Amino acid sequence: MEIFRDYDLSLHNTFRMKVRCACFVEYDSPDELLSPELETLPKPFKHIGGGANLLFTGDFPGTILHSRINHIKYVDMGLDEVPVIVGAGVVWDEFVEQTCRHGLWGAENLSLIPGEAGAAAVQNIGAYGVEIKDIISGVSCFDNVERKRCKFTAAECGYGYRDSMFKQSGGRYTVLSVLIRLSRKPRPRLEYKGLEGIDASGPMAVRNAVVALRQSKLPDPAETGSVGSYFKNPVVTADVLARVSDAAGGANVPHYILPGGFVKIPAAWLIDSCGLKGSSEGGAAVYERQAVIIINRSGDATPSDILRLEKRVTDTVFSRYGIALEREVEYV
Ligand SMILES: Cc1cc2nc3c(=O)[nH]c(=O)nc-3n(C[C@H](O)[C@H](O)[C@H](O)COP(=O)(O)OP(=O)(O)OC[C@H]3O[C@@H](n4cnc5c(N)ncnc54)[C@H](O)[C@@H]3O)c2cc1C
C-alpha cells in the first residue's frame with residue numbers, strides 16, 4: 001500500500017480537472033483494506049477507478065482510494081462458457097482486448113470504454129446493445145460497514161440503466177474483483193445501429209468495428225477531457241414524447257420504445273435541437289460531434305465552467321421541452 005499526501009488528481013480524472021486531495025492511497029490486496037493505518041487518514045473516503053465518470057467540483061478534503069488489484073484469471077479455458085476473474089484495478093479495455101485475442105465472445109461490444117473493471121461493475125457500463133450485467137456472474141467485495149469480504153450474484157447486484165445496488169449503497173461496498181462469463185461459441189450482438197453488416201468472423205473483428213465507430217464519434221480521453229455522456233437519456237411517457245414533438249415544430253423525435261408504455265429519448269437530440277452544440281462557458285463546451293458530451297475544450301476548464309454549462313443546457317432543455325435532464329456524471 002502506498003499513501004500520498006496533498007496529491008494532484010489531474011491524471012486521475014478524465015475531465016482533467018486540476019484538483020487535489022488531502023490523501024491518496026493505492027492498495028494491492030484486499031487485506032490492506034483492514035490496515036489500522038487507513039483509520040488514521042483524513043475522512044471522508046472515496047474510492048475511484050480511472051475517474052472517467054467523475055466531476056471533482058473542487059479539492060477533496062479526505063482520502064481517495066484506488067485499487068491495484070490487477071489480476072486476470074481464466075478459471076477454465078476448456079469450457080464452452082469460460083469464467084474469468086478480473087481484478088477491480090484492471091483497465092477495462094485491456095481486459096476486453098485480451099479476451100478478444102483469446103477468441104472469447106461477450107465483452108467485444110464494450111470495447112474502448114474508459115475506466116477500470118471494478119467501476120464497470122458498479123456503473124453497469126453499456127454500449128452497442130450490451131451491458132456488463134449481461135456477462136457478469138458475480139462480484140466479490142469488501143463490506144466497509146461489516147469490515148469483511150462478501151460476494152454477490154449478478155441478480156443481487158440490482159442492475160439497471162447505469163445503476164446498481166453498489167451505486168445506491170453510498171460507498172458501502174468496495175469491489176475487489178468481478179466474475180465474468182465469456183463464451184467460446186460465437187455469439188455476436190450486432191442489432192445496434194452501426195454494427196449491422198460488419199465483419200463478425202471473431203470477437204476481435206467486432207471489437208475493431210466498435211473501436212472504429214467510437215473513435216469517429218467520441219473524444220479521445222488522451223486528447224480532450226470529458227466523461228463521455230454527461231447526461232442520461234430521459235425515459236418518458238408517450239404523452240411527453242408527443243409534447244416534445246409539438247415543441248419542436250412537429251419534428252420526428254428519435255426514441256426507443258421500452259416496456260410499460262415508456263420511451264427513451266436521446267439526450268443528445270434534445271440538446272442539439274435547442275441549438276446548444278458547440279456552446280461554451282469558459283473552457284468548457286458542448287461537444288460538436290455529440291451533444292450529450294461536455295468537453296474540457298481549452299484543457300484549462302474549471303469545475304465551475306463545467307457546472308455553468310451544465311446549468312445552461314438543463315435550463316434550456318427544460319424551458320423548451322419541460323424535461324429535466326439527469327446527470328450521468330457523479331459529482332465528488
Ligand atoms: C470518452 C468516454 C466515453 C465513455 N463511454 C461510455 C460508454 O460507452 N458506456 C458507459 O457505460 N460509460 C461510458 N463512459 C463512462 C465511464 O467510462 C464509465 O462510467 C466507467 O465505468 C468509469 O470507470 P472508472 O474506473 O473511471 O470509474 P470512476 O469514474 O473512477 O468511478 C465511478 C464510480 O464507481 C465507484 N468505484 C470505482 N471503483 C470502485 C471499486 N473498486 N469499488 C467500489 N466502487 C468503485 C466510484 O466511487 C464512482 O462512484 C465513458 C467515459 C468517457 C470519458
Side-chain angles (χ1 to χ4, degrees), residues 9 11-17 25-27 30 33 44-56 60 62-70 86-96 109-133 139-144 150 152 157 159-178 192 194 210-211 213-233 287 289-290 292-296 327-332:
L9 289 170
L11 294 179
H12 292 273
N13 72 96
T14 57
F15 244 141
R16 297 284 174 258
M17 294 295 106
V25 175
E26 297 256 30
Y27 64 93
L33 292 172
F45 281 20
K46 174 71 180 167
H47 202 296
I48 67 165
N53 196 53
L54 305 179
L55 172 62
F56 283 95
F60 186 72
T63 299
I64 298 284
L65 289 158
H66 181 247
S67 169
R68 280 194 307 218
I69 302 176
N70 283 336
V86 51
V90 171
V91 172
W92 173 253
D93 193 51
E94 289 178 13
F95 168 73
V96 177
N109 290 35
L110 303 177
S111 291
L112 214 64
I113 298 182
E116 297 171 4
V122 171
Q123 298 287 111
N124 187 22
I125 55 167
Y128 298 100
V130 173
E131 288 179 314
I132 196 175
K133 74 169 173 53
V139 179
S140 168
C141 293
F142 181 79
D143 179 339
N144 294 301
C150 55
F152 299 99
C157 294
Y159 283 123
Y161 169 48
R162 302 293 174 273
D163 199 15
S164 66
M165 171 277 282
F166 307 114
K167 270 190 108 164
Q168 300 300 330
S169 77
R172 172 166 178 176
Y173 301 104
T174 298
V175 175
L176 302 173
S177 64
V178 188
Y192 209 83
V210 169
V211 167
L213 265 172
R214 291 182 67 95
Q215 285 174 336
S216 70
K217 285 191 192 164
L218 299 172
D220 177 354
E223 286 169 12
T224 308
S226 85
V227 286
S229 299
Y230 193 96
F231 300 100
K232 291 185 176 177
N233 294 324
Y287 191 45
R289 280 194 259 167
Q290 172 54 279
V292 74
I293 298 177
I294 289 181
I295 56 168
N296 178 353
R327 286 189 301 273
E328 187 167 321
V329 64
E330 178 185 334
Y331 291 168
V332 181

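In this text the structure is predicted, and so the values were computed from the model without any measurement. Start at 1 and go down the list; that is how both ligands and their atoms are numbered.
- Shortest non-hydrogen contact noted between Arg214 and Ala127 is NH1-CB, 3.8 Å.
- Put simply, CD1 on Ile64 and NE2 on His12 are 9.5 Å apart, with the number rounded to the nearest 0.5 Å.
- Here the side chain of Thr14 pairs a donor or acceptor atom with the backbone of Ser226 at under 3.5 angstrom.
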Between ligand 1 and the protein, give all atom pairs where both partners are nitrogen or oxygen and the distance is under 3.5 Å, as lines of names plus distance to 0.1 Å.
| residue | atom | partner | partner atom | Å |
| --- | --- | --- | --- | --- |
| ligand 1 | 5 (N) | Arg214 | NH2 | 2.9 |
| ligand 1 | 8 (O) | Arg214 | NH1 | 2.9 |
| ligand 1 | 8 (O) | Arg214 | NH2 | 3.3 |
| ligand 1 | 9 (N) | Gly126 | O | 2.7 |
| ligand 1 | 11 (O) | Gly126 | N | 3.0 |
| ligand 1 | 11 (O) | Arg162 | NE | 3.1 |
| ligand 1 | 17 (O) | Pro114 | O | 2.6 |
| ligand 1 | 19 (O) | Gln123 | NE2 | 3.1 |
| ligand 1 | 25 (O) | Gly50 | N | 2.8 |
| ligand 1 | 25 (O) | Glu116 | N | 2.8 |
| ligand 1 | 26 (O) | Gly50 | N | 3.0 |
| ligand 1 | 26 (O) | Gly51 | N | 3.0 |
| ligand 1 | 26 (O) | Ala52 | N | 2.7 |
| ligand 1 | 29 (O) | Ala52 | N | 3.1 |
| ligand 1 | 29 (O) | Asn53 | N | 2.8 |
| ligand 1 | 30 (O) | Gly49 | N | 2.7 |
| ligand 1 | 30 (O) | Gly51 | N | 2.8 |
| ligand 1 | 41 (N) | Val175 | O | 3.1 |
| ligand 1 | 42 (N) | Val175 | N | 2.7 |
| ligand 1 | 47 (O) | Lys46 | NZ | 2.9 |
| ligand 1 | 47 (O) | His47 | O | 2.6 |
| ligand 1 | 49 (O) | Lys46 | NZ | 3.2 |
| ligand 1 | 49 (O) | Glu330 | OE1 | 2.6 |
| ligand 1 | 49 (O) | Glu330 | OE2 | 3.4 |

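- Aromatic ring pairs are classed by plane angle as parallel below 30°, tilted from 30° to 60° and perpendicular above 60°; the pair Phe95 and Trp92 is tilted.
- When atom types are taken as modelled, the side chain of Asp220 and the backbone of Gln215 share no donor-acceptor pair closer than 3.5 angstrom.
- Crowding of Tyr161 atom OH: a count of heavy atoms from other residues, nucleotides or ligands under 6.0 Å exceeding 12.
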